[in-house]
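Down below is the structure, laid out as structure tokens.
Worth saying up front: this structure is predicted, and the values here are computed from it rather than measured.
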Amino acid sequence: MDLDLGKIRLEINGIDEQLAKLFEQRMHLVSQVAEYKIQTGKAVFDPERERQNLERVGQYVAREEDRQAMREILAHIMSISRKREYRQLVENGKTEPTGFAMVQELPLEGKRVAYAGVEGGFGYEAAVRFCDGKGERFAVPNHRAVLQAVEEGRADYGVLPIENSSAGAVTDVYDSLLSYNVCLVAQMTLPVVHCLLGVPGAQLSDIRQVHSHPQALMQCSPYLGSYPQWEQVPESNTAASAKMVAEWGDRSQAAVASQAAAALYGLQVLAPSIQQSTDNTTRFVIVTRERLYREEASKLCLCLECRNETGSLYRILSHFAYNGLNLTQIESRPIPGRNWEYRFFLDAEGNLKDPGVQNALKGLQAEVALCRILGNC
């Protein structure tokens, strides 16, 4: 049988035109449904009705192999329809209160700022930059202690590393965030330059052990690996490692830390800039108890948990795509006590006052098991 591709394509175009007109008719009816829900307060998302619709539409398709495809098409159309309804609700003032208050600038004068580690560490440097000469800084032992100090009111702000361009996410910070009543209000990136530090007079040939935070050791692994005789010893903090080496006064001990730590603790730089990446940076976030966001905030930070069902992650991501929100980060973390279940930490470009953000939040809060706004940085 001779086939005319051009004729076949014309027929497909004709069917597509019919589909487009039918889609317009359906969306017009969806708008009417939204008006009804605005008046009555009925929920947009009705999973049981959607399930019934998907079962029903499969019966209209004769070929078995096409039934699942038809269900997927309808599921996508229903997803678009829900988003249209959410948008209409938001346009009519039916938004969910976020509990966040907008401010022009974050108050810093006389405020106390907690950071993890000791003076000379990257957390200390980030705290100095955030304070800008106004706040009072103090150190606590670890990241959880920063969050606890903020929650208990001993600190007005806390500075935490959350992501490194070479080592990835700081997972213990992600895992701790939901355990404390804090809000992310600002962020900054800090260049990370690691140096090999030793006591005055030490030589590379003297070194037997190198101490630092595990991520710093990993970021410097090519350099450190070229000295297989050196034992790499993980510690809680880069600057704390430098302080220990200075206190020991032992030429066989070295630390991976910053040049600022070397100056602070009287150490010698044995090798500068030993990290693998020359553009190594760490992103820090600032947390506080108050649910605030700056007028110029541009990054929305969320924690979401999917329902354990087919297509749930896709539905989450579709809210960002539909509302034109660019996802810049997605990190999955296991949920404690629930094997093989995960929560997702997402960053998207946007501000809480933006209509697109409000639309996306409206849909997410209706359709996921957990939607927590961590902050707007």
Side-chain angles (χ1 to χ4, degrees), residues 12-61 66-100 102 300 302 304-307 309-327 344 346 348-373 376:
I12 290 174
N13 291 346
I15 293 171
D16 289 345
E17 184 178 348
Q18 294 176 56
L19 289 173
K21 290 178 179 177
L22 289 170
F23 177 76
E24 284 188 318
Q25 293 177 30
R26 193 184 198 283
M27 296 309 288
H28 177 71
L29 294 172
V30 165
S31 293
Q32 294 180 30
V33 170
E35 288 295 332
Y36 173 84
K37 291 177 179 178
I38 290 168
Q39 294 173 18
T40 63
K42 183 177 173 61
V44 169
F45 187 41
D46 186 344
E48 179 57 25
R49 172 166 167 74
E50 292 199 4
R51 186 193 65 77
Q52 293 172 359
N53 280 349
L54 293 175
E55 289 298 320
R56 176 177 51 81
V57 77
Q59 299 172 11
Y60 301 153
V61 179
D66 291 335
R67 287 177 185 167
Q68 182 56 33
M70 187 66 243
R71 292 188 185 104
E72 289 182 19
I73 291 169
L74 183 61
H76 189 56
I77 290 173
M78 289 192 298
S79 175
I80 293 171
S81 300
R82 287 197 308 275
K83 293 173 182 63
R84 173 71 64 85
E85 292 183 43
Y86 293 132
R87 184 161 65 185
Q88 277 186 243
L89 265 65
V90 169
E91 289 170 351
N92 283 270
K94 303 294 184 181
T95 58
E96 299 294 330
T98 63
F100 284 75
M102 187 177 71
L300 181 70
L302 302 172
L304 305 172
E305 290 181 15
C306 299
R307 292 188 171 88
E309 55 194 34
T310 303
S312 58
L313 180 57
Y314 163 77
R315 286 199 296 271
I316 283 179
L317 300 179
S318 69
H319 285 284
F320 296 94
Y322 180 85
N323 289 289
L325 304 179
N326 182 36
L327 272 175
F344 298 90
L346 301 97
E349 293 176 356
N351 186 286
L352 280 169
K353 67 178 184 294
D354 297 340
V357 169
Q358 294 174 15
N359 294 344
L361 289 174
K362 182 80 174 176
L364 289 168
Q365 287 164 347
E367 296 183 22
V368 301
L370 169 71
C371 175
R372 177 169 165 181
I373 304 171
N376 200 186

Report yes if some heavy atom in the side chain of V368 is under 4.5 Å from a heavy atom in the side chain of E305; otherwise report no. no

Check whether any side-chain heavy atom of V30 lies under 4.5 Å from a side-chain heavy atom of E85, and answer yes or no. yes

Could you measure the distance from the CG atom of L19 to the CZ atom of R26? Nearest 0.5 Å is fine. 13.0 Å

Under a 3.5 Å distance rule, please check whether N323 uses its side chain to pair with a backbone N or O of L325 as donor and acceptor. no

Can you name the nearest heavy-atom pair linking V61 to R67, along with the distance? O-NE, 3.0 Å

For the CG atom of L304 and the NE2 atom of H319, what is their distance to the nearest 0.5 Å? 10.0 Å

Nearest-0.5 Å distance that lies between atom CD1 in I15 and atom CD in E17: 11.5 Å

Just so I know, are the side chains of Q52 and E55 near enough to count as touching, which here means a heavy-atom distance under 4.5 Å? no

Shortest non-hydrogen pair, L54 vs A75, comes out as CD2-N, 3.7 Å

Please lay out, stage by stage, how R84 and Y322 fare under the test side chain to side chain contact (heavy atoms under 4.5 Å, CB included). CA-CA 9 Å; R84 173 71 64 85; Y322 180 85; 4.1 Å; yes

Report yes if the side chains of R49 and N53 come closer than 4.5 Å at any heavy-atom pair, otherwise no. yes

Distance (rounded to the nearest 0.5 Å) between N92 CG and I38 CD1: 4.0 Å

Any side-chain heavy atom of I373 sitting closer than 4.5 Å to one from F100? yes

Answer yes if the side chains of S79 and R315 hold a donor-acceptor pair under 3.5 Å, and no otherwise. no

List the atom of F344, the atom of C306, and the distance in Å for their closest heavy-atom pair. CE1-SG, 3.8 Å

Starting from the C-alpha separation in whole Å, work towards a yes-or-no answer on side chain to side chain donor-acceptor pair (under 3.5 Å) for E24 and H28. CA-CA 6 Å; E24 284 188 318; H28 177 71; over 6 Å; no

Heavy-atom closest pair (A366 atom, F45 atom, distance to 0.1 Å) is O-CD2, 3.8 Å

Give the minimum heavy-atom separation between L361 and C371, together with the two atoms involved. CD2-SG, 4.5 Å

Are the side chains of P355 and V90 in contact, using a 4.5 Å heavy-atom criterion? no

Which value, rounded to the nearest 0.5 Å, describes the distance between I77 atom CD1 and M27 atom CE? 9.0 Å

Evaluate the side-chain proximity of L364 to Y86: yes if any heavy-atom separation is below 4.5 Å, no if none is. no

Between Q358 and K353, is there a donor-acceptor pair closer than 3.5 Å when you use the side chain of the first and the backbone of the second? yes

Gap separating the CD atom of E35 from the CG atom of L89, nearest 0.5 angstrom: 9.0 Å

Is the shortest side-chain N to carboxylate O distance from R51 to E48 below 4.0 Å? yes

Exercise: identify the closest heavy-atom pair between N351 and N376: CA-OD1, 3.3 Å

With heavy-atom distances below 4.5 Å as the criterion, would you say the side chains of K37 and V33 are in contact? yes

Polar side chain donor-acceptor pair, H76 to E72, under 3.5 angstrom: no

